[in-house]
2 protein chains.
Amino acid sequence: MVRVTGGTTAEAGERILAGLDLWAEWPTATQRAIVGAALESFAERGFHGTSLKHIAQGSGLSTAALYVHFASKEELLFALGRRGHAIALELVRTAAAEPDPATAAQVLVYAFTRWHAEQRTTARVVQYEQGALTAAHAEVIAALRRDTERVVRGLVTRGVGAGAFAVPDVRGASAAVLSLGIDVARWYVPGGPWTPDALGLLYAELAGRLLGMPA
Amino acid sequence: MVRVTGGTTAEAGERILAGLDLWAEWPTATQRAIVGAALESFAERGFHGTSLKHIAQGSGLSTAALYVHFASKEELLFALGRRGHAIALELVRTAAAEPDPATAAQVLVYAFTRWHAEQRTTARVVQYEQGALTAAHAEVIAALRRDTERVVRGLVTRGVGAGAFAVPDVRGASAAVLSLGIDVARWYVPGGPWTPDALGLLYAELAGRLLGMPA
DNA sequence: GAGTGATTACTGATCGATCAGTAAGTAGAG
DNA sequence: CTCTACTTACTGATCGATCAGTAATCACTC
């Protein structure tokens, strides 16, 4: 696992982000072309708004060729959603493993926010398009989300116990911290007032206040 | 405009919410049946995942009858999105009109959060389905969003000037406050740990900390 | 207040277009 | 000769939208 302790919040967060590889599941160039095109189109038009023609044209293949690599359009969405959620879970787990809860929270929010800004295409699909999944696939995704929430809640609980945080409601404060980062995928556009790095630092500070961290 | 000052945060917030009427634009029973069915289906399956058959069956009409009342499926989404955004704008405007910025912020976050929890069906369509609009319609929605952000930013600026808030970045803190409420529509389910009222009160407190309000 | 023409609200049937997915065949590598 | 990756050509189903036609209600005239 990636080392967190040491350096500034931004440096520690960047180490975590550098250790994540969305593409690890898809080794070949053709697979990456398909997944990349699907990601783009799902993010822009939504799952139901995306036709196989969009994915085929975006990846330079025929629609039939897609079925060599994926069983269905829904399987493609599922693979994407599962990978994205696994990445997010790995991110929060790595950050939360830092011994000092205050540092862990800062790094977690920084990296989580920055990831949702930098990878907003992926994040949109991961956060907003999973409703089109089959019941069985949706349950796999829901389990990954529960794991992520549990890690954050565990960190907040640990920080409260250590006197580093003071919150009125651990579960609610944890949900709020995750919400801040996730919603970035909805509204963030590059070229605005913040770089992903600056937004990550700002949100880390705001989350620290929200958690009652001494300034 | 609804009176804000006086009573608890919850009482003032409830007065604002009681003054909002989503349905004012659609007076007849048939129109309300169509809009209601569209709202349900758009929220559950998304705009592109909803067929006219869904809306027709949900409203007890034939698909052809829908065109008596709406020019197209996209027009229906636009009407819904415009009305929902207008409601949200009215909500924040009313809350922000309260003279004391600290009270205004508490009431604003309470009412905004509670609305996104109680009206999560509407809120999902309003926040997440507008990508399917034509460019001209999307611009109308974008303008309403900018207005809402501007009202919140104005309130935060006023609070900082009055010494009621202390934030590192007015624009960023305003975005964060709105994000907290909006993201509720994504994850909130009735029957969980919080009623909409309780969540509104919790988020009002968390937003107060985020804005650097003295406890 | 009876008769008339326009308007509104709907229906079942159907339009051309597009959808996800498949069948059959080909090119190239080993 | 077989396997993998891909093509063109196609399927039945469904999409949003429109058709001609019907029933009811309106406004207005005599």
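This one's a predicted model, so the numbers in the text were calculated from it and none came from an experiment. Every chain is numbered from 1, with letters handed out A, B, ... down the list of sequences.
At the phosphate of D/dG16, neither OP1 nor OP2 sits under 4.0 Å from any side-chain N or O atom of B/His48. For D/dT7, one of the phosphate oxygens OP1 or OP2 lies less than 4.0 angstrom from a side-chain nitrogen or oxygen of A/Ser62. Look at A/Thr30 and you'll find a side-chain N or O under 4.0 angstrom from OP1 or OP2 of D/dC6.
Of the listed nucleotides (D/dA9, D/dG16, D/dC6), D/dA9 has the atom at the smallest distance from the side chain of A/Thr63. Comparing C/dT11, D/dA5, C/dA20 against the side chain of B/Ala64 picks out C/dT11 as the nearest. Here C/dC10 is the nucleotide among D/dT7, C/dT11, C/dC10 with the atom lying nearest to any side-chain atom of B/Val68. Side-chain atoms of B/Leu61 lie closest to C/dC10 of the nucleotides C/dC10, C/dG21, D/dA17.
A salt bridge is absent between A/Arg15 and A/Glu11; no separation between the charged side-chain nitrogens and carboxylate oxygens falls under 4.0 Å. Ionic pairing of B/Arg45 and B/Glu129 is not present here: no N-O contact between side-chain nitrogen and carboxylate oxygen is shorter than 4.0 angstrom.
At a threshold of 4.5 Å between non-hydrogen side-chain atoms, the residues A/Val184 and A/Trp115 do not count as touching. Side-chain contact between B/Phe112 and B/Val107: absent, with no pair of heavy atoms (C-beta onward) separated by less than 4.5 Å.
Residue-level contact check: B/Ser51 touches the backbone only, with heavy atoms under 4.0 Å from sugar-phosphate atoms and none from bases. Contacts of A/Thr50 with the nucleic acid, taken as non-hydrogen atoms under 4.0 Å apart, involve only primed sugar atoms and P, OP1 or OP2.
Here the C1' atom of nucleotide D/dC6 and the CD1 atom of A/Ile34 are 11 Å apart, to the nearest Å. The distance between atom CD of A/Gln57 and atom C1' of C/dT18, rounded to the nearest whole Å, is 13 Å. Atom NZ of A/Lys53 is separated from atom P of C/dA17 by 12 Å (rounded to the nearest Å). Atom CG in B/Leu66 sits about 10 Å away from atom P in D/dG16, given to the nearest Å. Between the C1' atom of D/dA17 and the CG atom of B/Leu76 lies a distance of 14 Å, rounded to the nearest Å. A straight line from CG of B/Leu52 to C1' of C/dT11 spans 16 Å, rounded to a whole angstrom. Atom-to-atom, CZ of B/Phe70 to P of C/dC10 comes out at 12 Å; the value is rounded to the nearest Å. Look at OH on B/Tyr67: it is 17 Å from P on D/dA20, rounded to the nearest Å.
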For residues 188-197 of chain B, which side-chain donor-acceptor pairs fall under 3.5 Å, sequence neighbours excluded?
| unit_1 | atom_1 | unit_2 | atom_2 | d |
| --- | --- | --- | --- | --- |
| B/Tyr188 | OH | B/Trp194 | O | 2.7 |
| B/Trp194 | NE1 | A/Asp169 | OD2 | 2.9 |
| B/Thr195 | OG1 | B/Ala198 | N | 3.0 |
| B/Asp197 | OD1 | B/Tyr110 | OH | 2.6 |

